[in-house]
Structure formats: structure tokens, C-alpha cells
Q: 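Here it is: the structure, laid out below.
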Number of protein chains: 2
Amino acid sequence: MFKENNLSKNQQIIFDLINKSSEPLKAYTILFNVQKKGIKAPPQVYRALDKLVETGKIHKIESKNAFVACRNSNCEISKATAFSICESCEMVDEISDAKLTKYLSSFNDKKGTKYKRFNLEFFGLCKKCK
Amino acid sequence: MFKENNLSKNQQIIFDLINKSSEPLKAYTILFNVQKKGIKAPPQVYRALDKLVETGKIHKIESKNAFVACRNSNCEISKATAFSICESCEMVDEISDAKLTKYLSSFNDKKGTKYKRFNLEFFGLCKKCK
DNA sequence: TTACATAATGTTATATTATAACAATTTTAA
DNA sequence: TTAAAATTGTTATAATATAACATTATGTAA
């Protein structure tokens with residue numbers, strides 16, 4: 001016997017909401033939107049978010065304190081994230097660029113240190129806002 | 001007549017504190033530390049921080065909600081920031097690597113869009129913690 | 001110098017984001 | 001079937017950040 005769906009009830013509810021959203025969602029926006037499904041308090045939301053981030057199903061956009069579903073080859077590279085963020089309309093797109101990922105994943109700093117994880121946020125104007 | 005020092009009183013106090021710190025400082029840590037100098041309320045701190053970020057004297061480490069002084073050629077490239085962050089001791093170093101900066105500054109996404117600003121945060125273990 | 005605009009400051013209150021702590025229940029795996 | 005691990009529910013509170021408004025200081029141009 002095995003589980004094909006490894007998300008718990010709350011995790012699934014919150015993932016579904018984020019996944020169908022076209023824009024990053026904030027924790028309290030999520031809370032507001034899932035209250036009708038019985039998720040009533042911040043810790044329930046934050047716990048689900050933490051787990052979803054941990055498993056790579058979603059990413060946190062640090063500069064916005066908001067969450068987006070992973071669009072990148074089903075989350076294989078959640079340790080190497082890159083996003084483009086429009087400074088006008090706030091739109092966020094996950095960047096999926098093998099060369100960029102490779103370049104950054106193999107980056108060594110001046111002391112020769114390599115890093116096992118990175119997060120990159122680009123800021124500019126999206127096509128619509130230009 | 002000209003001013004050689006373009007920081008206001010509160011900006012200077014807060015910059016000095018951040019600049020002499022060996023680790024990123026959080027806004028309320030800063031507030032606590034400058035109360036003896038007459039800065040009493042959060043808005044005073046956040047306003048100074050905003051201005052210092054804007055002028056490139058300091059950077060915000062988004063994943064930590066904390067601030068560090070710019071160490072990079074006197075802040076010429078505050079639109080292209082990169083940091084290494086130790087996941088164990090929380091140490092943060094600004095990365096100053098011309099090749100990396102050039103690579104990212106000239107990055108084009110799949111739609112051909114270029115970005116005028118980026119922030120990159122690497123996570124791993126620093127030399128001491130390895 | 002005056003006077004106008006802009007920037008900076010001081011202050012109170014409040015909004016937003018996130019976690020601590022603890023009890024109960026469900027799921028997993030030995 | 002039972003013990004461990006994960007998840008849930010709940011209340012309270014901690015930590016981060018901004019709104020709004022009054023005042024003072026500074027820069028600039030007539």
C-alpha cells in the first residue's frame with residue numbers, strides 16, 4: 001500500500017489555493033481564503049506553508065513575503081530558485097533556465113566555498129508594463 | 001558650499017551602528033541600540049533604513065529581515081547584490097565578484113527581458129562551521 | 001534676506017507577519 | 001497493537017513594518 005499524494009488535508013487546501021493563483025499570495029490572504037474550509041488560525045497556515053516550502057511545492061518570494069507554486073519541472077530544483085519580479089504590477093515569474101542554474105550552482109566564492117542552495121530575485125518591468 | 005557628508009543625523013547614527021557590526025542587524029535591535037541617542041520609535045528607524053538602502057549605504061538581507069553595511073566598492077553596485085549566508089552561524093558576507101555581477105546583469109530571460117536590478121542569496125556553511 | 005519647497009524628525013497608534021506553547025488527533029511503521 | 005512521528009486545533013503573543021499627522025531643519029532660488 002502506498003500514498004501517491006503526500007500532502008495532508010491542510011497542506012492540500014493551501015497548495016491548491018496557491019497553485020491556482022496567478023500571483024503570489026500572502027499568508028493572511030491565504031488564511032482569509034481558507035477559513036470557509038475550516039482553517040481558522042495563523043499557525044495552521046504557516047505550518048502548511050513551511051512544509052510546502054520544505055518539499056519544494058511552493059517557494060517564498062522573500063522580498064514580498066508571499067508564496068507561489070513551483071513551476072519548475074515539478075520542483076526538482078527547489079534549492080536553486082530564480083524569479084523575475086515586475087516593479088510595476090508586482091507580477092512574479094519563476095525563471096527556469098538550465099544555464100543560469102548550472103552557473104550559480106557551481107559558483108565558488110573567493111574563498112572557494114560552494115553553496116548548496118541559492119535564491120535569486122530579478123527586478124524590472126514585465127512585458128505588459130514596459 | 002557643499003556637503004561632504006550627505007547623511008542626516010538619524011541616518012548617520014544608524015549607519016554607524018550597522019557599519020561597525022559584524023553581523024546583520026534587525027530593525028528592532030537597532031532601535032534598542034540607538035534609544036540612548038534619542039531615536040525612540042520604529043518609524044524613525046525604518047525611515048533611516050529606507051533611505052540608507054535607497055542610497056546603497058546598506059543592504060537588506062531579505063531572508064533574514066536584517067541589514068548590513070555595503071562592503072562593495074563603496075556601494076557602486078547596490079542594484080546588483082549577492083550574499084553568502086551561513087545556515088549554521090547566520091554569518092553574512094557580501095559577495096563582490098565582477099564576473100558574477102556581469103553575468104547576472106546581462107542575463108536575459110526566455111522572453112528576452114533584461115532586469116535592472118537583482119538580489120542573490122547563497123546558503124551554505126561558512127568556513128568556520130564546515 | 002525672504003519665502004518656498006523638500007527632506008528629515010518626532011510621536012502615537014495600528015497594521016502586518018510570524019511564532020510559542022500546549023492539548024488532541026491522525027498517520028505511519030515496527 | 002502500540003509507540004513514534006506528523007498533523008491538527010487553539011489561544012495568546014512576539015516580531016516586523018507602516019499610517020497619519022504635527023513640527024522642525026535644510027536647501028534653493030528670487
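Treat the numbers as computed from the prediction; the structure is a model and nothing was measured. Proteins come first, then strands; the chains are lettered A, B, ... in the order of their sequence lines, and each starts at number 1.
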Q: What integer distance in Å separates A:Asn10:CG from C:dT27:P?
A: 12 Å
Q: Select one nucleotide: of C:dG10, D:dG9, D:dT7, the one nearest the side-chain heavy atoms of B:Lys9.
A: C:dG10
Q: A:Gln44 side chain N/O closer than 4.0 Å to the phosphate oxygens (OP1, OP2) of D:dG9?
A: yes
Q: Rounded at 0.5 Å granularity, tell me how far NZ in B:Lys37 sits from NZ in B:Lys9.
A: 10.5 Å
Q: Between B:Ile14 (CD1) and C:dA8 (P), how many Å, whole number?
A: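 Those two atoms, CD1 and P, are 13 Å apart.
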Q: Would you call the rings of B:Phe122 and A:Phe107 parallel, tilted or perpendicular, where under 30° means parallel and over 60° means perpendicular?
A: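 Rings of B:Phe122 and A:Phe107: parallel, under 30°.
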Q: Enumerate the residues from residues 23-43 of chain B whose closest heavy atom to DNA chain C is under 4.0 Å, giving them by residue number; use none for an empty result.
A: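 Output list: B:Lys40, B:Ala41, B:Pro43.
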Q: Say whether B:Glu121 and B:Ser63, considering side chains only, have a donor N or O and an acceptor N or O under 3.5 Å apart.
A: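 On atom types as modelled, these side chains qualify, holding a pair under 3.5 Å.
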Q: Please determine whether a side-chain nitrogen or oxygen atom of A:Ser8 lies at a distance below 4.0 Å from atom OP1 or OP2 of C:dT26.
A: no
Q: In the hydrophobic clustering (ILVMFWY, side-chain contacts below 4.5 Å, transitive), which residues join A:Phe32, or is it alone?
A: none
Q: Just how far, in rounded Å, is P of D:dT16 from CG of B:Asp50?
A: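 Spelled out: CG on B:Asp50 to P on D:dT16 is 16 Å.
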Q: Atom NZ of B:Lys64 and atom C1' of C:dT19: how far apart are they, to the nearest Å?
A: 17 Å
Q: With distance as the sole criterion, is a donor-acceptor pair present between the side chains of A:Asn108 and A:Tyr115 under 3.5 Å?
A: no
Q: Taking atom C1' of C:dA18 as reference, at what distance in whole Å does atom CD of B:Glu62 sit?
A: 16 Å
Q: Strictly by modelled atom types, are B:Ser84 and A:Asp109 linked by a side-chain donor-acceptor pair under 3.5 Å?
A: no
Q: Is there a side-chain contact between B:Gln11 and the phosphate of C:dA8, meaning an N or O under 4.0 Å from OP1 or OP2?
A: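 Result: yes.
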Q: Could you state the CG-P distance from A:Leu49 to D:dT8, rounded to the nearest angstrom?
A: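 Going from CG in A:Leu49 over to P in D:dT8 covers 12 Å.
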Q: In plain terms, say whether A:Glu87 and B:Lys116 are close enough for a salt bridge, that is, a side-chain N and a carboxylate O under 4.0 Å apart.
A: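 Yes, charged N to carboxylate O under 4.0 Å.
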Q: Ignoring hydrogens and angles, tell me if any N or O in the side chain of B:Lys79 forms a donor-acceptor pair with the backbone of B:Gly56 under 3.5 Å.
A: no
Q: Should the pair A:Lys111-B:Asp93 be classified as a salt bridge under the 4.0 Å nitrogen-to-oxygen rule?
A: yes
Q: Check whether any side-chain N or O of A:Asn65 sits under 4.0 Å from OP1 or OP2 of C:dT16, and answer yes or no.
A: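 It does not, given that no N or O in the side chain of A:Asn65 lies less than 4.0 Å from OP1 or OP2 of C:dT16.
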Q: Within this structure, what is the NZ-to-C1' distance between A:Lys51 and C:dT19, rounded to whole angstrom?
A: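 Value for this atom pair: 17 Å.
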Q: Quickly work out the B:Tyr46 OH to D:dA19 P distance and round it to whole Å.
A: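 In whole Å, D:dA19 P lies 13 Å from B:Tyr46 OH.
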Q: For the helix from C:dT1-D:dA30 to C:dA30-D:dT1, measure the angle between the helix axis at one end and the axis at the other, each built from five pairs, rounding to 10°.
A: 40°
